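In the text below, chain A, chain B and the rest are named by the order of the sequence lines, each starting its count at 1. Model, not experiment: these values are computed from the prediction.
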Amino acid sequence: MDMSIELAGIALRNPVLLASGTCNYGRELQSLTDLSQLGGIVTKTITPLPRAGNRPQRIVETPAGMLNSIGLQNPGLDDFIADKWPFLQTLDTQVVVNIAGHSVEEFADMASRLRDLRGIAALEVNISCPNVRAGGESFASNARASADVIGAVRRAANQPVIAKLSPNVTDIGEIARAVEEAGADAVSLINTLVGMAIDVRRRRPLLGNITGGLSGPAIKPVALAMVWKVSQAVDIPVIGLGGICSALDAVEFLIAGASAVQVGTANFVNPNAGAEMVEGIRRYCEEFGIARVGDLVGSLQT
Amino acid sequence: MDMSIELAGIALRNPVLLASGTCNYGRELQSLTDLSQLGGIVTKTITPLPRAGNRPQRIVETPAGMLNSIGLQNPGLDDFIADKWPFLQTLDTQVVVNIAGHSVEEFADMASRLRDLRGIAALEVNISCPNVRAGGESFASNARASADVIGAVRRAANQPVIAKLSPNVTDIGEIARAVEEAGADAVSLINTLVGMAIDVRRRRPLLGNITGGLSGPAIKPVALAMVWKVSQAVDIPVIGLGGICSALDAVEFLIAGASAVQVGTANFVNPNAGAEMVEGIRRYCEEFGIARVGDLVGSLQT
Amino acid sequence: MIDEIVEVLTNDEVAEDFFLARLEAPHIAAHAQPGQFVNVEVSADVAPFLRMPLSVCAVHRQISCIDVLYQNMGPKSGQLSRCRVGEQLRCLGPLGKAFSPVPNTKRSVLVGGGIGVPPMIFLGSELVKKGAEVILLVGARSAAKHLGDSFFQVSATRLERATDDGSLGHHGLVTELLLRELATGACAVYTCGPHAMIEAVARACMASDVPCQVSLEEYMACGIGICVGCVVRVENADADNAYADYKRICVDGPVFDAREICWEH
Amino acid sequence: MIDEIVEVLTNDEVAEDFFLARLEAPHIAAHAQPGQFVNVEVSADVAPFLRMPLSVCAVHRQISCIDVLYQNMGPKSGQLSRCRVGEQLRCLGPLGKAFSPVPNTKRSVLVGGGIGVPPMIFLGSELVKKGAEVILLVGARSAAKHLGDSFFQVSATRLERATDDGSLGHHGLVTELLLRELATGACAVYTCGPHAMIEAVARACMASDVPCQVSLEEYMACGIGICVGCVVRVENADADNAYADYKRICVDGPVFDAREICWEH
Ligand SMILES: Cc1cc2nc3c(=O)[nH]c(=O)nc-3n(C[C@H](O)[C@H](O)[C@H](O)COP(=O)(O)OP(=O)(O)OC[C@H]3O[C@@H](n4cnc5c(N)ncnc54)[C@H](O)[C@@H]3O)c2cc1C
Ligand SMILES: Cc1cc2nc3c(=O)[nH]c(=O)nc-3n(C[C@H](O)[C@H](O)[C@H](O)COP(=O)(O)OP(=O)(O)OC[C@H]3O[C@@H](n4cnc5c(N)ncnc54)[C@H](O)[C@@H]3O)c2cc1C
Ligand SMILES: Cc1cc2nc3c(=O)[nH]c(=O)nc-3n(C[C@H](O)[C@H](O)[C@H](O)COP(=O)(O)O)c2cc1C
Ligand SMILES: Cc1cc2nc3c(=O)[nH]c(=O)nc-3n(C[C@H](O)[C@H](O)[C@H](O)COP(=O)(O)O)c2cc1C
Ligand code: FES
Ligand code: FES
């Protein structure tokens with residue numbers, strides 16, 4: 001049973017990665033799971049400079065999911081290179097570095113400064129954060145802006161470039177095509193859906209930032225539909241995520257057209273979720289006589 | 001404790017209505033709940049001609065929600081007028097009639113043919129269905145197309161016109177403003193989110209129509225964020241819905257800016273949900289010393 | 001039909017993955033007819049979210065109880081199987097149209113399979129009470145998947161079983177047993193079970209002009225006709241009224257005359 | 001720290017809405033220190049979805065058990081309160097930084113309120129074992145909301161209570177009891193409870209230069225530092241490093257030195 005996947009030139013032991021922002025920079029999970037069992041991990045978004053993030057409350061549970069408003073709290077690129085990367089480099093798994101900026105230049109800068117870092121499997125570009133030029137509207141909500149960012153990163157980077165797409169758009173297929181034309185080597189989706197929760201006693205938002213990002217099982221059907229749509233819209237590989245908690249959830253995404261999946265919120269409930277998922281996918285393939293996990297990809301019969 | 005609400009000229013006994021497509025044309029619920037306890041009901045979408053709807057399977061449960069692909073099966077306008085309306089007319093509650101068409105003309109036609117029907121509280125315009133002219137893309141996903149439909153219905157109708165908005169857009173505030181300018185007397189949101197589920201044994205979509213609409217508690221945070229956003233974008237009243245199951249869910253929507261709420265999927269789990277919600281909202285207001293339920297509307301402190 | 005708060009009196013595994021629950025449900029017990037079902041709220045939480053439709057398997061009017069027989073195959077049935085004696089559940093019913101025994105037919109042949117067996121048990125017992133000859137044909141993959149004879153005692157004057165692997169009764173399809181019965185003489189046929197089985201039974205009966213009532217299943221949300229989700233395609237003469245192409249199984253069925261259903265596809 | 005499968009040995013209501021559960025958790029029992037917590041999966045289903053963080057209230061090393069004391073206030077605690085003896089749960093722990101008793105201080109004053117009482121019970125018992133003088137001050141709205149003396153037997157050399165309504169002990173705030181203790185002489189203060197109480201305690205101690213360790217709470221998802229959700233604003237000297245404005249309570253805390261926390265707002 002062959003669990004390996006080749007994706008945009010990246011050789012993955014298996015199609016299961018941990019999602020950005022749900023495994024920090026790897027250290028904390030060391031003692032709770034065997035990262036070498038995974039296809040890879042995607043590090044939490046780093047920005048050019050350190051960021052404080054949003055004021056608490058940053059988390060609240062919702063039906064079959066949760067809202068978060070972390071606000072990209074991160075140590076910034078210098079600290080990442082000096083303090084986080086040396087550890088990440090020692091991991092026996094593929095490490096994808098997720099980056100974000102507030103302008104096309106910031107994105108490009110980060111990419112060029114990450115050229116020298118040996119061993120980065122790929123860059124994942126988080127275009128879901130606000131574009132300061134365009135008055136705070138997110139890059140990801142506009143095909144042109146998304147393409148500008150990805151094009152600039154593609155030119156500056158010497159690793160495969162994965163564009164991480166937002167689900168909060170009218171036509172995610174259009175955005176996917178735009179970043180493909182701009183040179184993206186792969187797309188990953190979905191990021192969180194914009195959501196909100198209110199404390200009815202105090203009549204205030206539960207989150208310090210008023211709105212937040214919805215993740216977890218609740219959004220799985222939305223993510224799956226978008227992965228299916230995008231995998232038909234583009235020729236580059238698609239990485240699927242959104243509410244994946246079990247091996248069979250992952251299998252749904254592979255069948256819908258994802259070449260790999262990312263496990264996000266599930267890590268919070270079970271820090272060993274990714275490793276258990278790899279085993280579960282293997283069992284599924286054996287039960288249904290699938291020789292190569294790659295044979296599942298896009299095998300949906302409609 | 002005053003539970004009444006006045007909305008776009010419609011006097012509601014209380015702010016709780018049943019959502020379109022989740023109470024059919026009222027008859028079936030007669031024996032299971034007292035419709036006169038409600039602010040009103042919104043009838044299932046009718047189209048100019050009878051529609052068969054989609055092939056089964058039309059329903060599947062998802063985490064804290066469900067997908068549906070009914071496909072607007074309905075008896076058409078003639079039968080509605082001849083067979084459904086005489087019964088609806090006898091109900092001691094406000095009846096909002098939900099209409100849809102495939103072209104601006106179809107929408108306008110329906111509105112003019114419904115002029116003569118005495119006792120219609122309002123028309124709710126379901127612009128979420130595909131626009132045959134624009135190659136199947138839904139009216140609701142485009143501000144201009146939405147405005148064209150609402151403008152035409154507004155001119156043809158002699159009742160208040162409610163535009164029902166889709167959440168599957170980049171900026172629902174922009175669509176809301178467009179329909180407001182086109183003459184909408186109110187907006188209702190959200191319709192379902194596009195979603196999908198896959199049968200991993202047969203590697204086929206679980207729904208006959210491949211994708212469907214996600215509803216239920218899972219989508220509540222998304223609906224609430226959009227209601228909050230839209231209520232700040234427009235001056236016309238907002239009707240909130242999406243995953244509302246309990247009185248406190250409804251209160252969240254009122255606080256976020258909704259002047260009334262609609263109960264949808266919850267009816268399937270508890271056919272008396274709406275009436276129980278009215279009581280629950282009353283208890284909430286009493287507990288927190290709110291004299292008029294209208295005082296809750298938009299009372300969010302940020 | 002009401003949404004009754006019912007108490008779980010018993011809830012035990014009676015065969016591999018099959019559970020029998022007795023519910024104290026005065027209203028439903030008083031009114032339920034064979035072929036009707038209930039829609040049970042297995043959890044008050046948001047997951048499992050929808051109710052679980054369950055056929056009435058037996059009614060015990062004197063003690064105001066109904067029995068439901070269910071297979072543990074997922075979240076809802078799993079949740080129900082964990083319900084403790086004494087717990088209370090919301091139970092909506094009785095729902096749907098019942099079987100309407102064909103007048104003056106002495107011989108009734110009932111064909112059941114899998115989770116379609118419970119309504120056959122109920123129907124059989126009512127027919128036997130009326131003094132009819134009731135031949136009950138039950139199919140399953142293997143002997144282990146068959147319910148014990150005790151379940152059928154009052155439901156048939158003759159019980160025949162079929163297994164795909166021959167481990168019990170006839171080695172083959174239950175529909176092969178049906179063909180024998182159709183050959184031996186006049187009768188009326190009633191069936192519930194996997195779609196493929198129901199279709200084979202229906203086609204066989206229609207071919208030999210034997211009246212046949214089928215009880216269908218489809219994924220349900222409401223169980224009361226308001227979601228229009230649980231539909232089946234029916235023969236529709238009126239080309240101008242596409243609306244009549246599909247009927248709702250929960251209110252127009254689950255029992256239909258075999259000739260009403262559009263079997264192609 | 002491991003994700004241990006623990007068995008529920010007891011789970012009883014011990015005061016109005018307060019439950020005490022004893023969990024067989026060999027690893028956690030062997031390593032847990034006062035102030036640390038566990039993150040319990042109260043249901044394997046998708047709702048409730050996140051785990052429930054619970055302070056360790058007591059450890060019984062000889063029988064490999066820990067006690068948790070929790071208030072039934074919503075879905076997760078409600079689900080936990082329905083857990084039956086013998087059920088198994090995933091329990092991640094011990095988590096977070098423990099209290100570090102201030103060296104050579106004879107007098108320790110512990111201030112607890114609401115669901116902040118459990119860690120005080122654990123800390124008190126460890127300090128008493130070490131032969132220290134332990135004054136335990138407990139506040140609650142009314143007598144009914146107070147735990148019985150039995151819970152504090154081994155955890156204090158002197159126990160004082162305060163109630164908002166005067167129905168038990170001091171009529172007023174528990175912080176008023178603290179001021180008395182601060183006035184009577186040197187001591188170290190440890191506290192956990194509602195944020196307003198903790199802040200008042202911290203400010204009082206800082207004002208009179210008494211060492212004070214606070215155990216904080218914030219809504220948590222992971223409990224292990226990977227979501228960066230459970231943060232508190234801390235005093236940050238380095239203006240160039242905004243990243244250091246917030247610390248994660250689950251790994252950098254829950255216990256902090258009062259002077260570390262940014263109390264304004
Ligand atoms: C009218 C009717 C009567 C029924 N009577 C019985 C009975 O007497 N005994 C019995 O064991 N089962 C019966 N069923 C089927 C039973 O309701 C489903 O198997 C049950 O809901 C499975 O849910 P689950 O979460 O346990 O399994 P899942 O994993 O959700 O599903 C297992 C199978 O059941 C189907 N199913 C799931 N939810 C529903 C639903 N809400 N409506 C219809 N199908 C569903 C799925 O499509 C799948 O094929 C009946 C169904 C209907 C429509
Ligand atoms: C480090 C730590 C130790 C704790 N120790 C105890 C303890 O010993 N005994 C005890 O009774 N409670 C303790 N709590 C609080 C307890 O975890 C929450 O009250 C519980 O999760 C409530 O969940 P619920 O669904 O029952 O109630 P909900 O209705 O969800 O919430 C009730 C209250 O608890 C808060 N809350 C809910 N979920 C969480 C969460 N995942 N993390 C943090 N807060 C949450 C809510 O903001 C709300 O104020 C502790 C919390 C933390 C962070
Ligand atoms: C607490 C939290 C923090 C996140 N931080 C990031 C981030 O820094 N960068 C990013 O690209 N996505 C981030 N995400 C989004 C996830 O990577 C993922 O796209 C989303 O949560 C959907 O997947 P899931 O449902 O499996 O969690 C975060 C999600 C959560 C819940
Ligand atoms: C089975 C089903 C059928 C629906 N049919 C319609 C419809 O005909 N017209 C319409 O405008 N909305 C329809 N809706 C959408 C609901 O009115 C509502 O907008 C959506 O379900 C979100 O609310 P909820 O989560 O409370 O159900 C339907 C929803 C469901 C679940
Ligand atoms: S289940 Fe809703 S119409 Fe039948
Ligand atoms: S709860 Fe996730 S970092 Fe603290």
Who among [options] has the most heavy-atom pairs with chain C under 4.5 Å?
{"options": "B:Ser69, B:Gly65, B:Gly53", "value": "B:Gly65"}
{"options": "B:Asn267, B:Val60, B:Asn68", "value": "B:Val60"}
{"options": "B:Asn54, B:Asn272, B:Thr62", "value": "B:Asn54"}

Any chance you could measure [X], atom [atom1], to [Y], atom [atom2], to the nearest 0.5 Å?
{"X": "B:Lys44", "Y": "C:Ile226", "atom1": "NZ", "atom2": "CD1", "answer": "11.0 Å"}
{"X": "B:Ile70", "Y": "C:Cys227", "atom1": "CD1", "atom2": "SG", "answer": "5.5 Å"}
{"X": "B:Ile59", "Y": "C:Glu218", "atom1": "CD1", "atom2": "CD", "answer": "9.0 Å"}
{"X": "C:Tyr243", "Y": "B:Leu72", "atom1": "OH", "atom2": "CG", "answer": "12.0 Å"}

Against chain B, label [X] side chain, backbone, both or neither, depending on which of its atoms sit under 4.5 Å from a heavy atom there.
{"X": "C:Ile224", "value": "both"}
{"X": "C:Asn236", "value": "neither"}
{"X": "C:Pro48", "value": "both"}

Query raised in the report: Between B:Glu61 and C:Phe49, is there a donor-acceptor pair closer than 3.5 Å when you use the side chain of the first and the backbone of the second?
Result: yes
Query raised in the report: For B:Pro75, is it the side chain, the backbone, both, or neither that has a heavy atom closer than 4.5 Å to a heavy atom of chain C?
Result: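 Both the backbone and the side chain of B:Pro75 come within 4.5 Å of chain C.
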Query raised in the report: Can you name the residues that form a side-chain hydrogen bond (donor to acceptor under 3.5 Å, both in side chains) with C:Thr191, not counting sequence neighbours?
Result: none
Query raised in the report: Does NZ or CZ of B:Arg55 come closer than 6.0 Å to the centre of the six-membered ring of C:Tyr246, within 45° of the ring's axis?
Result: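 Here B:Arg55 fails the 6.0 Å and 45° test against C:Tyr246.
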Query raised in the report: How close do C:Arg51 and B:Val269 get, heavy atom to heavy atom, and via which atoms?
Result: NE-O, 2.7 Å
Report task. Check B:Arg58 against C:Val228 and note the closest heavy-atom contact, atom names and distance. Result ->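 Answer, listing the atom of B:Arg58 first, then C:Val228: NH1-O, 2.9 Å.
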Query raised in the report: How about residues 21-35 of chain B versus chain C: which residues have heavy atoms under 4.5 Å apart?
Result: B:Gly21, B:Thr22, B:Cys23, B:Asn24, B:Glu28, B:Leu29, B:Ser31, B:Leu32
Query raised in the report: Taking C:Asp245, C:Val232, C:Leu50, C:Ile2 one by one, which has the highest count of heavy-atom pairs under 4.5 Å against chain B?
Result: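 The candidate making the most pairs under 4.5 Å is C:Leu50.
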**Report entry** Pick from C:Ala244, C:Cys230, C:Gly229 with the largest number of heavy-atom pairs that fall under 4.5 Å of chain B
**Finding:** C:Gly229
Report task. Please check if atom CZ in C:Arg61 has more than 12 non-hydrogen atoms from other residues, nucleotides or ligands closer than 6.0 Å. Result -> yes
